[in-house]
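First comes the structure, then the notes that go with it.
The residues of the chain are indexed from 1 along the displayed sequence.
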Amino acid sequence: MATKTRILQILTLISISLPLAKSIHFDHPAVFNFGDSNSDTGNLVSAGIETLLSPNGQIYFKNPSGRYSDGRLIVDFLMNAMELPFLNAYLDSVGLPSFKTGCNFAAAGSNILPATATSICPFSFGIQVNQFLRFKARVLELLAKGKNFSKYLPTEDFFSKGLYMFDIGQNDLAGAFYSKTLDQILASIPTILAEFETGLKKLYDQGGRNFWIHNTGPLGCLTQNVAKFGTDPSKLDERGCVSSHNEAAKLFNLQLHALAKKLQGQYADANVVYVDIFSIKYELISNYSRYGFEQPIMACCGYGGPPLNYDSQITCGQTKTLNGTSVTAKGCSDSTDYVSWDGIHYTEAANQFVSSKILTGKYSDPPFSDKMPFLLKLKF
């Protein structure tokens, strides 16, 4: 606690300024986001497919907010950096949601590949792109009527000037390990990325010109995967992560980076930025104590206690009868000590760390941007 207290005392405002690379910038009037639970701000919950219980959302929103975390996600911090309000979920129809500065199509459990009968979520990447096409068509239809919709909807030029963000692919890989060998998963990566390229091309054809692509994180370091696939210590790396899962993530990212480079050359009038989320997250897990964390893998909100505090039969906030006993998956006393929130997703503190690293521009290809006016509270 003494170390943590000292670290918290040196929270500071840091201004980040980097040289310009190409014409990349981080100043957009709107954001259109596509992804899975890493950036879902309420779609799966609004669809009625899943319910999030307290203590989800406890840190910032004080109640469950449709986000799989104790607080804000990376996308929320990036919206803050652009001085834009948080993105409303596309399916969120209650409370007069405003889509003036963009829309979030990400849904927890989503894959890049089309959903199947056994998929957790029906909103695959292709469906999310189709939802965007419907969204844009409907927006332009309403604006053409001349009524005062501009207060709640993006103007037509926002679709070309806006930032199209992507954080998806984790579930295609992680889910496959339950039924496929590592070699089969590695062989499937080109097919997964071909589907991703098809969706991105549709967005380009619709006028999108600014693309921001997150690679996938170290899947082998997620508590859920360590609990399921890491019971044999020989399967773990020196950080306690499942080696096979991280190998798949690395190859996926290598090919995703190659695709981003291809698109950078193919779409000369567009900005395509590839962001190395894997390196940021693995750095955090490898050197967690340096950044003020105490638990790199054990879940904050879960059941079972150390070393993982994770049981796949019960999710954060649930109360269930297991082995004849009523148990509850409770939150820990201080989630800022933890990287993992619920065994699958990151805490707000970890998301803030990742966001701060993203905004240095050092993890992007090409790097960005000129005189970035970001002031962030960072945790070291």
Please answer: with hydrophobic residues joined when any side-chain heavy atoms are less than 4.5 Å apart, are [X] and [Y] in the same cluster?
{"X": "Met298", "Y": "Val226", "value": "no"}
{"X": "Leu113", "Y": "Ile168", "value": "yes"}
{"X": "Leu52", "Y": "Ile59", "value": "no"}
{"X": "Leu182", "Y": "Leu236", "value": "yes"}
{"X": "Ile344", "Y": "Val242", "value": "yes"}

Closest non-hydrogen atom pair between [X] and [Y], with its separation:
{"X": "Ala106", "Y": "Ser39", "answer": "CB-OG, 3.4 Å"}
{"X": "Val272", "Y": "Ile213", "answer": "CG1-CD1, 3.9 Å"}
{"X": "Leu44", "Y": "Cys121", "answer": "CD1-SG, 3.8 Å"}
{"X": "Leu219", "Y": "Asn225", "answer": "O-ND2, 2.8 Å"}
{"X": "Ser340", "Y": "Ile297", "answer": "CB-O, 3.7 Å"}
{"X": "Ser179", "Y": "Gln184", "answer": "O-OE1, 4.5 Å"}

Could you check whether [Y] and [X], counting side-chain N and O atoms only, form a donor-acceptor pair closer than 3.5 Å?
{"X": "Glu283", "Y": "Tyr291", "result": "yes"}
{"X": "Gln318", "Y": "Thr315", "result": "yes"}
{"X": "Thr181", "Y": "Asp183", "result": "no"}
{"X": "Gln128", "Y": "Ser110", "result": "yes"}
{"X": "Thr41", "Y": "Asn104", "result": "yes"}
{"X": "Asn43", "Y": "Ser46", "result": "no"}
{"X": "Tyr282", "Y": "Asp237", "result": "yes"}
{"X": "Asp70", "Y": "Ser335", "result": "yes"}
{"X": "His257", "Y": "Asp365", "result": "yes"}

Kindly assign one of parallel, tilted or perpendicular to the pair Tyr267 and Tyr204, based on the angle between their ring planes and the thresholds 30° and 60°.
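It falls in the parallel class, under 30°.
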Can you classify the ring geometry of Tyr164 versus Phe34 as parallel (below 30°), tilted (30 to 60°) or perpendicular (above 60°)?
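If you compare the ring of Tyr164 with that of Phe34, the planes turn out parallel.
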Verdict with supporting geometry, Tyr303 and Tyr310, ring-ring contact (aromatic ring centres under 6.0 Å, His included):
CA-CA 5 Å; Tyr303 173 73; Tyr310 180 82; over 10 Å; no
Side-chain heavy-atom pair [X], [Y] within 4.5 angstrom cut-off:
{"X": "His214", "Y": "Ile358", "answer": "yes"}
{"X": "Ile277", "Y": "Thr216", "answer": "no"}
{"X": "Leu153", "Y": "Lys100", "answer": "no"}
{"X": "Gln255", "Y": "Leu193", "answer": "yes"}
{"X": "Phe123", "Y": "Asn111", "answer": "no"}
{"X": "Thr155", "Y": "Phe158", "answer": "yes"}
{"X": "Leu200", "Y": "Phe211", "answer": "yes"}
{"X": "Phe252", "Y": "Ile112", "answer": "yes"}

Indicate yes or no: does Glu197 engage Lys262 in a salt bridge with an N to O separation below 4.0 Å.
yes
Got a sec: does the [atom1] of [X] have more than 12 other heavy atoms crowding it under 6.0 Å?
{"X": "Asn323", "atom1": "CG", "answer": "no"}
{"X": "Gln266", "atom1": "CD", "answer": "yes"}
{"X": "Ile120", "atom1": "CD1", "answer": "no"}

Is the distance between the SG atoms of Cys301 and Cys332 less than 2.5 Å?
no
With no hydrogens and no angle check, is any side-chain donor or acceptor of [X] less than 3.5 Å from a backbone partner on [Y]?
{"X": "Asn171", "Y": "Gly175", "answer": "no"}
{"X": "Ser119", "Y": "Pro122", "answer": "no"}
{"X": "Asp92", "Y": "Asn88", "answer": "no"}
{"X": "Asn351", "Y": "Arg72", "answer": "yes"}
{"X": "Asp40", "Y": "Asp36", "answer": "no"}

Start with the C-alpha distance between Glu50 and Tyr68, add both sets of side-chain angles, then the distance that settles side-chain hydrogen bond (donor to acceptor under 3.5 Å, both in side chains), and finish with yes or no.
CA-CA 11 Å; Glu50 196 156 273; Tyr68 290 75; 2.6 Å; yes
May I ask you to establish whether Lys136 and Phe159 are in a cation-pi arrangement, using a distance under 6.0 Å from NZ or CZ to the six-membered ring centre and at most 45° from the ring axis?
yes
Is the terminal nitrogen or CZ of Arg67 (NZ for Lys, CZ for Arg) located under 6.0 angstrom from the six-membered ring centre of Phe86 and within 45° of that ring's axis?
yes
Examine [X] together with [Y] and report whether their ring centres are nearer than 6.0 Å.
{"X": "Phe99", "Y": "Phe135", "value": "yes"}
{"X": "Phe229", "Y": "Tyr178", "value": "yes"}
{"X": "Phe32", "Y": "Phe105", "value": "no"}
{"X": "Phe125", "Y": "Phe196", "value": "yes"}

Sort and list the pairs that fulfil side chain to side chain donor-acceptor pair (under 3.5 Å) and have at least one residue in residues 238-252, not counting sequence neighbours.
Arg239-Ser286
Under the side chain to side chain donor-acceptor pair (under 3.5 Å) definition, can you give me all pairs with a residue in residues 53-62, not counting sequence neighbours?
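Matches after skipping sequence neighbours: Asn56-Trp341.
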Rounded to the nearest 0.5 Å, what's the gap from OG on Ser150 to CG on Asn148? Could you check?
4.5 Å
Any chance you could measure Asn63, atom CG, to Leu53, atom CG, to the nearest 0.5 Å?
11.5 Å
side-chain contact (heavy atoms from CB on, under 4.5 Å) partners of Lys330, counting only residues at least two apart:
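Residues passing side-chain contact (heavy atoms from CB on, under 4.5 Å) with Lys330: Thr328.
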As a quick check of understanding, evaluate side-chain hydrogen bond (donor to acceptor under 3.5 Å, both in side chains) for Asp276 and Ser279, giving each step before the final call.
CA-CA 6 Å; Asp276 186 7; Ser279 292; 2.4 Å; yes
Yes or no on side chain to side chain contact (heavy atoms under 4.5 Å, CB included) for Glu348 and Leu73, after CA distance, side-chain angles and deciding distance?
CA-CA 6 Å; Glu348 176 178 278; Leu73 308 178; over 6 Å; no
Show your working on side chain to side chain contact (heavy atoms under 4.5 Å, CB included) between Gln295 and Asn309 and close with a plain yes or no.
CA-CA 11 Å; Gln295 296 293 342; Asn309 194 36; over 6 Å; no
Decide side chain to side chain contact (heavy atoms under 4.5 Å, CB included) for Leu203 and Phe166; before the verdict, give the C-alpha distance in whole Å, the side-chain angles of both, and the deciding distance to 0.1 Å.
CA-CA 12 Å; Leu203 297 174; Phe166 309 90; 3.6 Å; yes
